[in-house]
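The analysis underlying the following values was restricted to heavy atoms, covering all of them including side chains, and did not include hydrogens, waters or symmetry mates. Quantities reported herein were computed from a predicted structural model and do not represent experimental measurements.
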Amino acid sequence: MKSKYMNRGQARIMEAIAATIIILILAMLMPILFKSPVTTLRSEVQVGEEQYAYNVLYDVYVNPQFLNYIYYGNWSALKQLMDTTVGPQFNWFLCIEPLSKVLNITSSSSSSYVAVPIQVIVTGAGYYDELTLNLRVLNWLLPPGYKINTTLPLSNVFFTTDNGSPVYWWVQSYNPYTGNAVIWFYAKSSRLIMYVSRNGTYPYNPLTGQYCTQPYCGYGGLSMFEIRSLGAQLSYNSGPLVFNGNYYGFNEQNTVCSNAQVNDPLVLSTSSGNSASCTLSASQTINEPIIIGYTSKLESAIPGSTLSIGTSLSISVTSDGIGIFSTNVPLTIQYSYGQNSETIKLSVGSSTPTSFTLNQYIYLSGGLVKIMPMVLACQGGFEIAINASLYIHDYLTGSNYVLNNSYVTECIQAQLSEVTISMQLGNIALSQTSPSISYILYNTTNIFYDLWVSPLPSTFFVNPVYVNYECTYNLVPTQYRYRFPTLQFTPTAEAYTLVQLQNGSYYLVLIALQSLGGG
């Protein structure tokens with residue numbers, strides 16, 4: 001017997017896709033959907049009920065046994081986990097349903113396209129959004145006859161803002177095994193519309209009312225990494241090239257190399273006892289936190305070799321329009337290759353480098369450096385802190401690694417009223433050295449496919465789609481679906497996510513809360 005709640009009809013899958021498919025890098029890039037609640041007592045709950053529902057969902061999801069409980073059908077243990085996670089002031093409802101049973105996306109469509117709304121919740125005033133969308137999941141949800149191209153990822157998709165303005169975008173990476181596509185957008189809008197063409201290769205352009213004659217239609221495109229991986233046409237990189245000038249190809253106009261050939265992608269190859277370096281003219285001033293992103297591949301390493309990525313940060317502070325302080329802070333990322341290990345270091349200014357060591361090489365990776373300057377109060381004045389975070393994503397293993405470091409200036413004696421920090425990024429230098437080992441016949445070789453700079457992405461999270469959802473195929477047996485099965489259930493808050501089990505199958509997980517009196 002289905003509850004009234006299960007028949008609500010139109011229910012939002014808020015963050016259903018984003019909550020689990022955002023892994024990066026780069027997720028990393030990646031947005032924080034949840035915060036752990038301060039307490040579970042009603043009188044002390046520090047967040048709204050909707051946010052608290054997501055706090056509960058997160059706390060349940062990160063339990064290492066959660067997926068095992070679902071996979072092996074250990075419903076009594078799952079109910080106990082829910083009882084201990086949800087505060088006593090709530091009754092709860094749990095639904096776990098195969099994703100294949102969820103009905104199609106609710107969207108507008110015609111004979112030529114289906115339009116899917118994507119809600120982007122932004123935290124700042126920036127134009128840059130970095131999102132991860134799971135194309136496999138979206139294709140499951142699209143109406144019959146429509147499919148996002150995954151062979152040439154998103155080649156038949158067109159993006160606009162909700163007011164109809166075209167959006168420039170590019171695919172940083174697409175993982176055919178997980179279905180995750182990491183996409184950068186340049187658009188000042190909190191709501192995007194994704195037009196999926198009925199044509200499997202070419203987009204439908206809603207601005208002209210016609211199909212485009214080329215993939216991506218000149219508004220989107222692929223990173224150099226994807227172009228080389230797929231053997232696609234070089235012309236398909238039009239998306240990155242229009243990314244407001246902050247996406248850098250390696251060419252003779254902006255790159256100067258020593259013992260390396262300027263090329264796109266850029267290859268640093270050093271034999272025993274040799275070195276190579278390249279400098280990219282990427283200097284720019286940005287009055288807000290920035291990120292430096294890159295995609296690289298290690299082909300081979302002579303033990304003892306190092307690869308460095310370095311730049312400088314020129315920091316200026318003004319008060320009431322008058323310059324009162326400036327400093328130059330170097331930032332360096334270094335990869336050191338051992339016999340069968342790899343150490344990655346992050347250095348900022350004169351601070352002690354932070355590092356981690358792995359017992360294997362990372363052969364294909366995405367890197368993202370987030371740089372944030374801050375003004376801190378000190379006795380009699382202020383000091384400047386430069387906080388840097390390095391996110392590394394291993395594409396081959398799916399692992400993510402994070403390094404944090406910071407540099408703080410000495411206390412500057414000055415009275416501040418209105419303070420502005422500006423940060424100018426210097427040229428970006430790539431250098432590689434290999435030790436002299438006579439019996440080594442191969443080179444240390446690193447390939448840089450893509451490098452870009454942008455203000456800190458403004459995306460907080462995404463509501464990708466709406467679905468008709470009734471929780472008709474709840475796998476959880478009736479006696480384990482509720483904390484108090486005998487109470488009539490009327491939800492006051494709800495949260496959704498997607499999970500993937502050990503066998504690769506996807507399930508929609510819904511947690512709903514019913515507020516009880518007292519607390």
Side-chain angles (χ1 to χ4, degrees), residues 25-26 28 225 228 250 255-280 282 292-312 329-369 388-405 407 426-451:
I25 353 185
L26 293 163
M28 278 164 332
F225 168 63
R228 294 297 184 181
F250 300 98
T255 309
V256 178
C257 292
S258 174
N259 295 330
Q261 183 178 358
V262 176
N263 200 0
D264 209 351
L266 182 65
V267 179
L268 294 178
S269 184
T270 53
S271 59
S272 173
N274 287 306
S275 62
S277 62
C278 293
T279 300
L280 182 71
I292 303 172
Y294 56 92
T295 307
S296 62
K297 177 184 178 183
L298 170 67
E299 289 201 339
S300 58
I302 300 173
S305 298
T306 61
L307 168 70
S308 296
I309 305 168
T311 188
S312 61
V329 181
L331 183 147
T332 303
I333 303 161
Q334 184 182 76
Y335 296 76
S336 298
Y337 306 107
Q339 187 70 43
N340 294 297
S341 63
E342 179 174 344
T343 299
I344 301 177
K345 295 181 180 179
L346 174 63
S347 302
V348 183
S350 58
S351 63
T352 302
T354 55
S355 65
F356 62 80
T357 300
L358 303 174
N359 293 324
Q360 73 275 344
Y361 294 154
I362 300 178
Y363 285 100
L364 183 62
S365 65
L368 194 76
V369 190
S389 298
L390 170 64
Y391 302 86
I392 299 291
H393 176 68
D394 186 335
Y395 282 106
L396 301 184
T397 66
S399 301
N400 298 304
Y401 307 96
V402 180
L403 277 176
N404 296 298
N405 204 337
Y407 168 76
N427 294 334
I428 298 175
L430 310 174
S431 61
Q432 182 174 287
T433 62
S434 294
S436 180
I437 304 177
S438 59
Y439 59 85
I440 296 291
L441 301 179
Y442 57 86
N443 290 359
T444 299
T445 303
N446 273 287
I447 301 174
F448 281 84
Y449 293 96
D450 303 282
L451 190 149

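- Here the CG-CG distance, from L451 to D264, works out to 10.5 Å after rounding to the nearest 0.5 Å.
- Residues F250 and N263 fail the side-chain proximity criterion, which asks for heavy atoms closer than 4.5 Å.
- You'll find the side chain of N404 stays beyond 4.5 Å of the side chain of T354, heavy atoms only.
- More than 12 heavy-atom neighbours from other residues, nucleotides or ligands sit within 6.0 angstrom of CD on E299.
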Trace of the side-chain contact (heavy atoms from CB on, under 4.5 Å) decision for Y294 with L430: CA-CA 12 Å; Y294 56 92; L430 310 174; over 6 Å; no
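- Of all heavy-atom pairs between G367 and I392, the closest is CA-CD1, 4.1 Å.
- Legend: residues meeting salt bridge (Lys or Arg N to Asp or Glu O under 4.0 Å) with K345, ordered by chain and number and at least two apart, are absent.
- Expressed to the nearest 0.5 Å, how far OG of S355 lies from CD1 of I344 amounts to 10.0 Å.
- No side-chain heavy atom of Y337 sits under 4.5 Å from any side-chain heavy atom of I302.
- Closest heavy-atom contact between A282 and I428: CB-CD1, 4.0 Å.
- In terms of heavy-atom proximity, T279 sits nearest to N427 at CG2-CB, 3.8 Å.
- The side-chain heavy atoms of L364 and F225, taken from C-beta on, include a pair separated by under 4.5 Å.
- Heavy atoms only, all atoms of each residue included: Y407 and S350 are closest at CE1-OG, 3.3 Å.
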Expected list for residues 265-274: side-chain donor-acceptor pairs under 3.5 angstrom, two or more places apart:
residue: S269; atom: OG; partner: N443; partner atom: ND2; Å: 3.0
residue: S269; atom: OG; partner: T445; partner atom: OG1; Å: 3.3
residue: T270; atom: OG1; partner: Q432; partner atom: NE2; Å: 3.0
residue: T270; atom: OG1; partner: S434; partner atom: OG; Å: 2.7
residue: S271; atom: OG; partner: N274; partner atom: ND2; Å: 2.5
residue: S272; atom: OG; partner: P435; partner atom: O; Å: 3.3
residue: S272; atom: OG; partner: I437; partner atom: N; Å: 2.6
residue: S272; atom: OG; partner: I437; partner atom: O; Å: 3.0

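- Shortest non-hydrogen contact noted between P353 and N405 is CA-ND2, 3.7 Å.
- Note that OG of S351 is 9.0 Å distant from CG of L331, once rounded to the nearest 0.5 Å.
- To the nearest 0.5 Å, the span separating CD1 on I333 from CG on L346 amounts to 6.0 Å.
- Here the closest heavy-atom approach between residue E342 and residue Q360 is recorded as CB-O, 3.6 Å.
- Looking at heavy atoms from C-beta onward, Y335 lies out of side-chain contact with I362 at the 4.5 angstrom threshold.
- For the atom pair OG of S365 and CG of N400, the computed distance is 11.5 Å after rounding to the nearest 0.5 Å.
- Considering only heavy atoms from C-beta on, Y401 stays 4.5 Å or farther from L390 through its side chain.
- Here the side chains of I309 and F448 are in contact, with some heavy-atom distance below 4.5 Å.
- Summarising the geometry, atom OH belonging to Y363 is positioned 9.0 Å from atom OG belonging to S300; distances are rounded to the nearest 0.5 Å.
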Pair T306-T433, side chain to side chain donor-acceptor pair (under 3.5 Å): steps then yes or no: CA-CA 6 Å; T306 61; T433 62; 2.9 Å; yes
